[in-house]
Amino acid sequence: MPNLAKRLSGPILAVGDLVDPDGSLANYAACYEPLWGGLKSRIWPVPGNHDYVTTGAGPYFSYFGDRAGEPGKGYYSFEIGAWHVIALNSVCLPVGGCNAGSDQARWLATDLAAHPSDCILAFWHHPFYSSGNGAEDRVQVFWEMLYDAGAEIVVNGHDHHYERFAPMTPNGDVDREGGIRQFTVGTGGGTLTAPDHSAANSEILNNSSHGVLQLTLHPGSYEWEFIPAGEGGFRDSGEQACSGPAPRNASLRE
């Protein structure tokens, strides 16, 4: 997988559970560093539940340093070209929750207000929608706030498959004019698992190929391509225009 990533240019979004079975410093040193260490300057990570098997995900924050945002929080933002990109922490309890009154949600509201953009991408570990068993309602506030701000893309991991959804609202309705398209990309190296149901508005799902999702972010639009790690593997591609600034407010819903 690192060899595939090396052939592709640009930042790398790492969507959590980056070592297994736990995010110990020893596992980062023995497993992650030899494979991915040379790409660390390109990697923007978020923590997963396996990282929090260790107290406060301390080794995760120690390993990635400034790349992981403020120690102990795990949420931050940055720019890729014309796009505003937001990293969030879906392991909610250790950071004071993900509800509307949490520090993270209040930070997100402030960040969205300070960085209005025609094109917004957010990424975190646990998906809100999934055909696997890893969907988490606790991230609904993230979806509500991002939808209100006119966000285009959410990228998640956790479930060990690739899945692409139609653009949707936080209530699960298709909204092709202003909805958020979710990609689940849990195909980075762990054993791939079969879905246990078919989620509404899932456009494509695959659990046969490890690989990466390449997103090409243009001013005003984006392209996606799932690239398999092996020859002859599954592929998926497409393109979409950004919906532009939403006529909604990125506010906290009580």
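Computed over heavy atoms, backbone and side chain alike; hydrogens, waters and symmetry mates excluded. Treat the numbers as computed from the prediction; the structure is a model and nothing was measured.
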Notebook entry, point to check: In terms of ring plane angle, is the pair Y222 and W224 parallel, tilted or perpendicular, where the classes change at 30° and 60°?
Noted result: tilted
Note to self: Donor-acceptor pair, distance only, cut-off 3.5 Å: does the side chain of D17 make one with the backbone of N49?
What the structure shows: yes
Margin query: Using the rule given for salt bridge (Lys or Arg N to Asp or Glu O under 4.0 Å), can you reason through R235 versus E225, listing the C-alpha separation, both sets of side-chain angles and the distance that settles it, and then say yes or no?
Written below: CA-CA 7 Å; R235 288 183 177 268; E225 181 179 8; 3.0 Å; yes
Checklist line | Spatial distance of atom CG (D51) from atom CG (N89) [nearest 0.5 Å] | finding: 9.5 Å
Next item on the list: Could I get the full list of side-chain contact (heavy atoms from CB on, under 4.5 Å) partners for R67, not counting sequence neighbours?
Entry: W44, P45, F64
Notebook entry, point to check: What's the verdict on salt bridge (Lys or Arg N to Asp or Glu O under 4.0 Å) for R176 and E203, showing C-alpha distance, side-chain angles and the deciding distance?
Noted result: CA-CA 13 Å; R176 297 196 181 276; E203 293 188 322; 3.1 Å; yes
Next item on the list: Apply side-chain contact (heavy atoms from CB on, under 4.5 Å) to Q104 and L88, showing your working.
Entry: CA-CA 8 Å; Q104 181 169 203; L88 295 170; 3.7 Å; yes
Margin query: Could you check whether any side-chain N or O of R42 sits under 3.5 Å from a backbone N or O of G10, counting only pairs where one atom can act as donor and the other as acceptor?
Written below: yes
Margin query: With a 4.5 Å cut-off on side-chain heavy atoms, are N206 and T187 touching?
Written below: no
Note to self: Please check if the number of heavy atoms outside K73 that lie under 6.0 Å from its NZ is greater than 12.
What the structure shows: no
Next item on the list: Kindly indicate whether the side chain of N27, heavy atoms from C-beta on, has any atom under 4.5 Å from the side chain of P21.
Entry: yes
Next item on the list: Classify the ring geometry between F78 and F123 as parallel (under 30°), tilted (30 to 60°) or perpendicular (over 60°).
Entry: perpendicular
Next item on the list: Check whether any side-chain N or O of T110 sits under 3.5 Å from a backbone N or O of R106 as a donor-acceptor pair, and report yes or no.
Entry: yes
Margin query: Parallel, tilted or perpendicular, judged at 30° and 60°: which one describes the rings of Y60 and Y28?
Written below: tilted
Next item on the list: Say whether, by atom type as modelled, one donor and one acceptor occur between the side chain of R138 and the main chain of C98 under 3.5 angstrom.
Entry: no
Margin query: On a heavy-atom basis, which atom in T169 and which in W143 lie closest, and how many Å separate them?
Written below: O-CZ3, 3.8 Å
Next item on the list: Check which hydrophobic residues are tied to L205 through side-chain heavy-atom contacts below 4.5 Å, counting indirect links as well, and list them.
Entry: none
Notebook entry, point to check: Once the angle between the rings of Y129 and F165 is folded into 0 to 90°, is it parallel (under 30°), tilted (30 to 60°) or perpendicular (over 60°)?
Noted result: tilted
Check: So Y76 and D66, side-chain contact (heavy atoms from CB on, under 4.5 Å) or not? Walk me through it.
Finding: CA-CA 10 Å; Y76 57 94; D66 292 343; over 6 Å; no
Next item on the list: Working to the nearest 0.5 Å, report the span between CG of D175 and CD1 of I180.
Entry: 9.5 Å
Note to self: Nearest 0.5 Å, please: how far is CG in L146 from CD1 in I153?
What the structure shows: 12.0 Å
Notebook entry, point to check: Got a sec, which residues hit side-chain contact (heavy atoms from CB on, under 4.5 Å) with D111, two or more places apart in sequence or on another chain?
Noted result: S77, H84, I86, W107, H115
